[in-house]
Amino acid sequence: MSHMTPTSELYSSLQKSFDFFNETLFDRGLPTVIFTVQRQKSVMGYFAPDRWASKEGKNCHEIAINPSYVGQAAIIELFQTLVHEMVHCWQHVHGTPGRRGYHNKEWAKKMKDVGLMPSTTGRPGGKETGERMSDYPIAGGLFIDKCKTLVSSESFILPWVDRYARVTPPNEVFENYSEVLGDTDSVTVSSLTSTVSELLQSETLVIDTAAQKVKSKYTCQGCKANVWGRSGLNISCDDCDLSMEEN
């Protein structure tokens, strides 16, 4: 009888999600990949084509997930990261990737096809192509629909998280998940928008306070415009001539 180790539990959960999205979003068109966890600064994940080789002469692609951010990310953000990198894998196999990591129009189109809107800011209004890209779910799109199915039928949870988790980089924060989820039952909404650490009910996480300061949001009480910066700043909105309040 085999025994699941922490390593196998962690990678099994990632593989399970990959297989589900490969079937439901990519019509099983992606090859198998090797998952790694990498603490690369300022990214939640990346795709590396043909990074691994076997003694039989076979190559295998890599999808890396950054554990430094996962613990304080919502489950849906983890799914976004995974599918984002899966689109890179799809383009490497079936399309024409942009030069040196450039996210081109072909990549952007495939992202929208699977239900994610590419955005340089991670929010509406950002450019759809560029060097550094984030994304947000399209309301009523395929990605949202399949995420609901996954958490409803599989009760997905990442079994292990980095205790020293950092908050998501500010330019990748998307806050309107309740809107894009639409008419969804509260249990499913909670399952998708709760952080991994909340779902684990873990009291052992040590939050990186320096990173937390970077995420402070300031809101104008007049026009409701938002800006992000370190905690304790004095910021005013020139359009409304009002001080912006830190959230």
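Note that the structure is a prediction, hence the values are computed from the model and not measured.
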* Asked: To the nearest 0.5 Å, what is the distance between CD1 (I63) and OG1 (T36)?
  -> 9.5 Å
* Given the side-chain rings of F79 and F21, with only the six-membered ring counted for Trp, is the space between their centroids under 6.0 Å? -> yes
* Asked: Rounded to the nearest 0.5 Å, how far does CG of L158 lie from CD of E9?
  -> 10.5 Å
* **Stepwise side chain to side chain donor-acceptor pair (under 3.5 Å) test for Q40 and N66** => CA-CA 7 Å; Q40 183 168 323; N66 190 339; over 6 Å; no
* To do: For the pair F35 and F18, name the ring-plane relationship: parallel under 30°, tilted 30 to 60°, perpendicular over 60°.
  => perpendicular
* To do: Check the pair L82, L14 against side chain to side chain contact (heavy atoms under 4.5 Å, CB included), reporting the backbone distance first and the verdict last.
  => CA-CA 9 Å; L82 176 58; L14 294 173; 5.8 Å; no
* Atom pair NE2 (H61) and OG1 (T32), whose distance is rounded to the nearest 0.5 Å -> 8.5 Å
* Mark yes or no for whether H103, through its side chain, and G101, through its backbone, hold a donor-acceptor pair below 3.5 Å. => yes
* Could you tell me whether the side chain of S152 and the main chain of K148 form a donor-acceptor pair under 3.5 Å? => yes
* So, D185 side chain and V187 main chain: donor-acceptor pair closer than 3.5 Å or not? -> yes
* To do: Check step by step if salt bridge (charged side-chain N to carboxylate O under 4.0 Å, His left out) holds for E131 and R100.
  => CA-CA 9 Å; E131 296 285 349; R100 291 178 298 176; 6.0 Å; no
* Asked: For residues T121 and S119, is any side-chain donor paired with an opposing acceptor at under 3.5 Å?
  -> yes
* Is a side-chain donor or acceptor of E85 paired with a backbone partner of F47 at a separation under 3.5 angstrom? -> yes
* **Sidechain N-carboxylate O distance under 4.0 Å for R39, D162** => yes
* In plain terms, say whether K146 and E23 are close enough for a salt bridge, that is, a side-chain N and a carboxylate O under 4.0 Å apart. => no
* Q80 side chain to D135 main-chain N or O, any donor-acceptor pair under 3.5 Å? -> yes
* Under 3.5 Å, is there a donor-acceptor pair between the side chain of T81 and the main chain of E77? -> yes
* Backbone of A64 reached by a side-chain donor or acceptor of Q38 within 3.5 Å -> no
* Asked: Roughly how far, to the nearest 0.5 Å, is the OG atom of S194 from the CD1 atom of I76?
  -> 11.5 Å
* Test item: Q91 and K110 side chains (from C-beta on) under 4.5 Å apart, heavy atoms -> no
* Asked: Do the non-hydrogen side-chain atoms of V114 and V87 ever get within less than 4.5 Å of each other?
  -> yes
* **Test item: K112 and M117 side chains (from C-beta on) under 4.5 Å apart, heavy atoms** => yes
* Which atom pair, heavy atoms only, marks the closest approach of P49 to H92? -> CB-CE1, 3.4 Å
* Parallel under 30°, tilted from 30 to 60°, perpendicular over 60°: which one fits the rings of H88 and W107? -> parallel
* Structure fact -> d(L78 CG, Y69 OH) to nearest 0.5 Å is 15.0 Å
* Quick one: does T188's side chain have a donor or acceptor within less than 3.5 Å of a partner on T184's backbone? -> no
* Asked: Quick check: does any side chain N or O of S191 sit under 3.5 Å from a backbone N or O of V151, one acting as donor and the other as acceptor?
  -> no
* Value rounded to 0.5 Å, distance of OH in Y102 from CE in M133 -> 8.5 Å
* Asked: So, for V33 and Q15, which heavy atoms are closest and what is the spacing to 0.1 Å?
  -> O-OE1, 4.3 Å
* Side-chain donor/acceptor of H94 to backbone N/O of C89, under 3.5 Å -> no
